[in-house]
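Here, residue 1 is the first one in the sequence, and each next residue gets the next number.
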Amino acid sequence: MSDALINGLAGAGGGIIAQLTTYPLQTVNTRQQTDRDTKKEKKKLGTLELLCQVVKQEGWGRLYSGLAPSLVGTAASQGVYYYFYQIFRNKAEAIAVDRRKRGLGDGSVGMLSSLVVAAISGCTNVLLTNPIWVIVIRMQTHTKASKKVQPSQAIRSPEEILVSMEPPPYGTSHAIQEVYDEAGFWGFWKGVIPTLIMVSNPSMQFMLYETLLKKLRQRRALNKNGSKGVTALEIFLLGALAKLGATVVTYPLLVVKSRLQAKQIAGTDKKHQYKGTIDAILKIIHYEGWSGFYKGMSTKIVQSVLAAAVLFMIKEELVKGARLLLSKNGTLSKPR
């Protein structure tokens, strides 16, 4: 079994566990990002308050709306990303070794090379898996209509009644049909432009992670008395720190992506409808100000840092276990 395949499968496994752990926070964060209420006097609910509100009004199950396609997307995304990342990483390392033989460099992969490798892997991942995440966003932002009827609303037109009613259980097939009816085949690639730009997030994340891990291992190598290995806790902390830095920089793009992928409500104010990436950016600035790009950021930081830390920790442990098992059986192929 190749090293790239081991990393791909380990990444998929780690991604699924991280997703299960933090999914309720992800659902709440998506709702915060897609909140288009521009009334400044309205009190904004915090993460815990919004969690409680969803549970009280819609039930626990709504926090996990879209979990099935999300798990498929996570496994696919992490598997594709780590598979191609390892392939390109091996080639970058081979080039670095060749350069050292010619007296150029120290034989290690530099920060720029790590960034390019992560960016290419990320773009491949985005183009292949974007339709899955459009479906997930639709399911996370789908809310139950209130069952209470106010006296002033007792007499309503058939159109108003239809809008206020909750459709039958909103599943994956409903979301797929909704996206297709709204924008056709290309509707499944809504938000792909900001998502491609957001490739800089995992690129920064993995660049920071690889750099911090390399320095830690170098320090351990110089310590003759102590252990030279890196513990699962240290991997957890390095992953959290790397994700924190990347999330703060790229969060506004994530808000734009979520707005584009969420349902565009026909017949409402045009400020709630976006024709594309540039239109979404301009309308958010005009109607909500720069703060609109940072809605739910605190929730995202907690969710992303926790998910990334769990992902890195689980992935590294799975890779170690797989290599140990395969080396004993003699079926581990060396990277070229």
Side-chain angles (χ1 to χ4, degrees), residues 1-22 71 73-94 96-97 106-111 113-115 117-118 121-122 124-125 202-246 304-336:
M1 184 181 288
S2 68
D3 199 48
L5 184 57
I6 290 175
N7 276 270
L9 293 175
I16 289 174
I17 294 174
Q19 189 80 331
L20 286 170
T21 305
T22 64
L71 289 177
T74 297
S77 295
Q78 296 299 333
V80 168
Y81 184 89
Y82 279 110
Y83 179 76
F84 284 101
Y85 179 83
Q86 195 61 45
I87 288 177
F88 296 135
R89 179 79 183 182
N90 290 342
K91 291 184 177 181
E93 289 175 349
V97 171
D106 60 357
S108 62
V109 179
M111 290 181 64
S113 296
S114 295
L115 181 62
V117 166
S121 304
T124 304
N125 171 41
S203 297
M204 291 180 192
Q205 175 187 344
F206 282 98
M207 181 183 67
L208 289 171
Y209 173 74
E210 292 283 350
T211 302
L212 293 171
L213 185 60
K214 179 181 176 182
K215 289 186 177 182
L216 181 59
R217 283 174 173 167
Q218 288 176 343
R219 288 189 61 183
R220 289 290 166 81
L222 296 174
N223 187 3
K224 297 180 179 180
N225 298 325
S227 173
K228 295 183 180 180
V230 181
T231 66
L233 178 60
E234 288 169 331
I235 293 294
F236 182 95
L237 295 175
L238 289 180
L241 185 60
K243 188 62 178 181
L244 176 61
S304 294
V305 169
L306 180 58
V310 171
L311 167 61
F312 280 118
M313 182 177 67
I314 298 298
K315 173 187 172 289
E316 293 294 335
E317 291 303 305
L318 289 175
V319 169
K320 287 180 184 178
R323 285 176 176 168
L324 180 62
L325 181 63
L326 292 174
S327 62
K328 287 182 178 180
N329 296 333
T331 56
L332 178 61
S333 59
K334 296 181 180 179
R336 296 179 180 179

Side-chain heavy atoms of Leu318 within contact of Leu9, under 4.5 Å: no
Minimum side-chain heavy-atom gap Leu208-Leu241 below 4.5 Å: no
I'd like to check the side chain to side chain contact (heavy atoms under 4.5 Å, CB included) partners of [X]; sequence neighbours left out, ordered by chain and number.
X	value
Leu237	Leu233
Lys214	Ser108, Gln218
Phe88	Phe84, Val117, Ile120, Ser121

If you round to the nearest 0.5 Å, how far is [atom2] of [Y] from [atom1] of [X]?
X	Y	atom1	atom2	value
Leu306	Phe236	CG	CZ	5.5 Å
Asn125	Tyr82	CG	OH	11.0 Å
Leu238	Thr211	CG	OG1	11.0 Å
Ser113	Lys91	OG	NZ	14.5 Å
Glu317	Lys320	CD	NZ	5.0 Å

Arg220/Glu234 salt bridge by N-O under 4.0 Å criterion: yes
Taking distance alone, no hydrogens or angles, what donor-acceptor pairs closer than 3.5 Å link side-chain atoms of residues 307-315 to residues at least two apart or in another chain?
from   : atom 1 : to   : atom 2 : distance (Å)
Lys315 : NZ     : Asn7 : OD1    : 3.0

Those residues that, when tested against Glu316, pass salt bridge (charged side-chain N to carboxylate O under 4.0 Å, His left out) (two or more places apart): none
Sequence-distant partners of Lys215, salt bridge (charged side-chain N to carboxylate O under 4.0 Å, His left out), two or more places apart: none
Pair Ile235-Leu213, side chain to side chain contact (heavy atoms under 4.5 Å, CB included): steps then yes or no: CA-CA 8 Å; Ile235 293 294; Leu213 185 60; 3.8 Å; yes
